[in-house]
There are 2 protein chains.
Amino acid sequence: MTVGELRVWAPDGIPEVVPGDDLVALLVAGLRADAQAVPDHALQDGDVIVVTSKVVSKAEGRVISADDRERAITDETVRVVATREHAGGVTRIVENHLGLVMAAAGVDASNTPEGTVLLLPLDPDASARALRAGLTAEFGVRIGVLVTDTAGRPWRQGVTDLAIGAAGVQVLDDLRGQLDTFGRPLTMTVAAVADEIASAAELVKGKASGRPVAVVRGVGHVVTDDDGPGARVLVRTGPDDMFHQGSAEAYAQGWKDALARPER
Amino acid sequence: MTVGELRVWAPDGIPEVVPGDDLVALLVAGLRADAQAVPDHALQDGDVIVVTSKVVSKAEGRVISADDRERAITDETVRVVATREHAGGVTRIVENHLGLVMAAAGVDASNTPEGTVLLLPLDPDASARALRAGLTAEFGVRIGVLVTDTAGRPWRQGVTDLAIGAAGVQVLDDLRGQLDTFGRPLTMTVAAVADEIASAAELVKGKASGRPVAVVRGVGHVVTDDDGPGARVLVRTGPDDMFHQGSAEAYAQGWKDALARPER
């Protein structure tokens with residue numbers, strides 16, 4: 001159940017991150033400075049630290065030349081889901097090696113130095129675990145960590161943020177078995193609480209303001225002792241996926257297969 | 001840009017809503033009681049009130065017999081996107097008359113008396129405008145209102161909340177033209193801020209706790225003087241929709257069309 005107030009803030013003392021940086025140290029410094037300015041912001045048990053994947057990518061050196069962007073997208077692509085040509089070029093919606101389905105496989109040209117693009121972290125769950133270990137050691141409180149990225153979605157305009165890495169957070173809040181207000185079991189509802197936390201954090205981080213970290217207080221009920229399975233369990237591809245191919249692609253495949261069948 | 005802290009809370013003094021109820025009056029009473037208990041919760045300019053569509057549906061009498069559930073889904077369906085049979089029955093992902101693509105056309109069997117199901121509000125943007133007018137008249141502050149519903153999404157486990165109605169909220173925060181931290185224009189980013197606010201609100205409302213309303217403070221930069229175009233502008237279906245049909249459905253259509261073509 002949820003009680004109490006949700007509070008989300010984004011410290012502004014995190015400098016530009018470059019490859020090789022000790023991201024834990026930078027986060028610690030930024031969080032400590034923020035707590036100096038606002039004592040109430042000192043980390044507490046149950047806080048969730050939400051870190052934009054960009055700074056994780058930068059620290060981990062997942063930076064390549066912009067000239068290599070198209071090849072990088074191809075390299076990061078496990079499976080093409082849909083493509084569309086438009087005035088500005090070709091949009092490729094693909095599944096990447098993390099099981100994430102997004103445009104350009106998550107390769108990112110913004111908020112990185114001119115001439116470079118960022119790849120997603122190799123293993124955002126591992127990155128989240130490392131950040132959690134470092135922050136826990138420093139602050140001595142029971143926290144969760146999310147690594148988040150931005151993506152579009154079918155049937156909706158605009159982008160929202162998703163959790164692509166997690167440690168110490170129960171990313172799915174399974175309400176099945178709980179009762180609704182009429183005493184009947186909720187049978188259908190598994191809330192993607194980590195994605196909701198990611199979106200809440202984005203409301204204070206923003207994309208133009210240089211604040212890559214947010215603290216979310218009030219969702220302690222999904223902070224766990226163990227690191228847990230991470231954000232990989234939020235992925236839903238495979239035989240269950242009713243949208244494993246874009247409509248045009250699936251149509252073309254059906255057409256092709258029909259014509260290729262042996263003649264009777 | 002985003003600055004300051006985000007705060008979200010869910011007053012617990014809203015009673016069960018039944019058809020014909022004056023929802024504005026119930027919300028006013030609940031918000032006033034909450035402000036008595038926590039003076040800081042008195043509504044301020046820039047607050048966004050997030051209302052679960054269920055209570056809007058109930059107040060508006062969008063309640064039908066559970067026996068009519070399947071027919072209701074059919075009636076609410078403008079276009080079938082994808083279907084899948086499974087152990088529990090048939091899942092129908094359809095586009096409804098609001099342009100929303102969701103399971104069962106948004107017909108809802110939880111948090112409603114035994115033997116009934118809820119239809120979505122007929123016009124959630126109009127509902128949001130009415131709520132906004134009523135709350136503004138009562139409290140005399142500049143607020144926004146969102147009406148929200150829960151939905152799954154392709155490629156991700158779990159459900160999140162979306163804005164299906166809006167008044168006084170700029171639902172899409174167009175960051176194009178703004179500069180990133182390297183001084184380069186953000187060309188790709190339109191944030192679905194209303195859906196992010198909806199998800200943040202769900203973290204405090206929950207589904208089992210009987211709190212259908214939340215107040216979100218700290219996103220005043222997207223609260224507008226006018227009611228604005230509402231949440232309908234968040235819909236992205238039509239010729240732009242790369243997933244207008246599920247993969248199996250599109251494949252079958254391609255197969256069928258290939259075989260139906262005139263023989264050469």
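Reminder, nothing fancy here: chain letters follow the sequence lines and each chain counts from 1.
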Contact origin within A/Val101 toward chain B - heavy atom pairs under 4.5 Å: both
Worked check of side-chain contact (heavy atoms from CB on, under 4.5 Å) between B/Glu5 and A/Val215: CA-CA 10 Å; B/Glu5 199 167 301; A/Val215 181; over 6 Å; no
Most contacts with chain B, counted as non-hydrogen pairs under 4.5 angstrom, among A/Met242, A/Arg217, A/Arg156: A/Arg156
Closest-packed option against chain B by number of heavy-atom pairs under 4.5 Å, given A/Val222, A/Thr237, A/Thr91, A/Leu162: A/Leu162
Per-residue contact mode, B/Val233 against chain A (heavy atom under 4.5 angstrom): backbone
Among the listed options A/Leu172, A/Asp257, A/Asp241, the residue most often paired with chain B at heavy-atom distances under 4.5 Å: A/Asp257
Counterpart residues, side-chain hydrogen bond (donor to acceptor under 3.5 Å, both in side chains), relative to A/Lys54 (two or more places apart): A/Asp108, A/Ser110
Heavy-atom closest contact (A/Arg153 atom, B/Asp195 atom, distance): NH2-OD2, 2.7 Å
Under 4.5 Å from a heavy atom of chain B, the part of A/Ile197 involved: both
Residue pair B/Trp155, A/Phe243: steps toward the side-chain contact (heavy atoms from CB on, under 4.5 Å) verdict: CA-CA 8 Å; B/Trp155 317 310; A/Phe243 301 96; 3.9 Å; yes
Partner residues of A/Arg236 under the side-chain hydrogen bond (donor to acceptor under 3.5 Å, both in side chains) criterion, sequence neighbours left out: none
Pairs of heavy atoms under 4.5 Å with chain B: top-ranked of A/Gly158, A/Ala198, A/Ala252: A/Gly158
Distance (rounded to the nearest 0.5 Å) between B/Gln157 CD and A/Leu234 CG: 7.5 Å
Among the listed options A/Gln245, A/His41, A/Glu95, the residue most often paired with chain B at heavy-atom distances under 4.5 Å: A/Gln245
Residue, of A/Ala192, A/Ala248, A/Gly99, that accumulates the most heavy atom pairs under 4.5 Å with chain B: A/Ala192
Contact class of A/Glu16 relative to chain B, heavy atoms under 4.5 angstrom: side chain
Considering all heavy atoms, the nearest A/Pro239-B/Arg84 contact: O-NH1, 2.9 Å
Smallest separation among heavy atoms of A/Pro154 and B/Pro154, with atom names: CG-CG, 3.8 Å
Donor-acceptor under 3.5 Å (A/Ser247 side chain, B/Ala250 main chain): no
From B/Trp255 atom CH2 to A/Lys256 atom NZ, the distance as rounded to the nearest 0.5 Å: 12.5 Å
Where A/Leu203 and B/Ala200 come nearest, the two heavy atoms and their spacing: CD1-CB, 4.2 Å
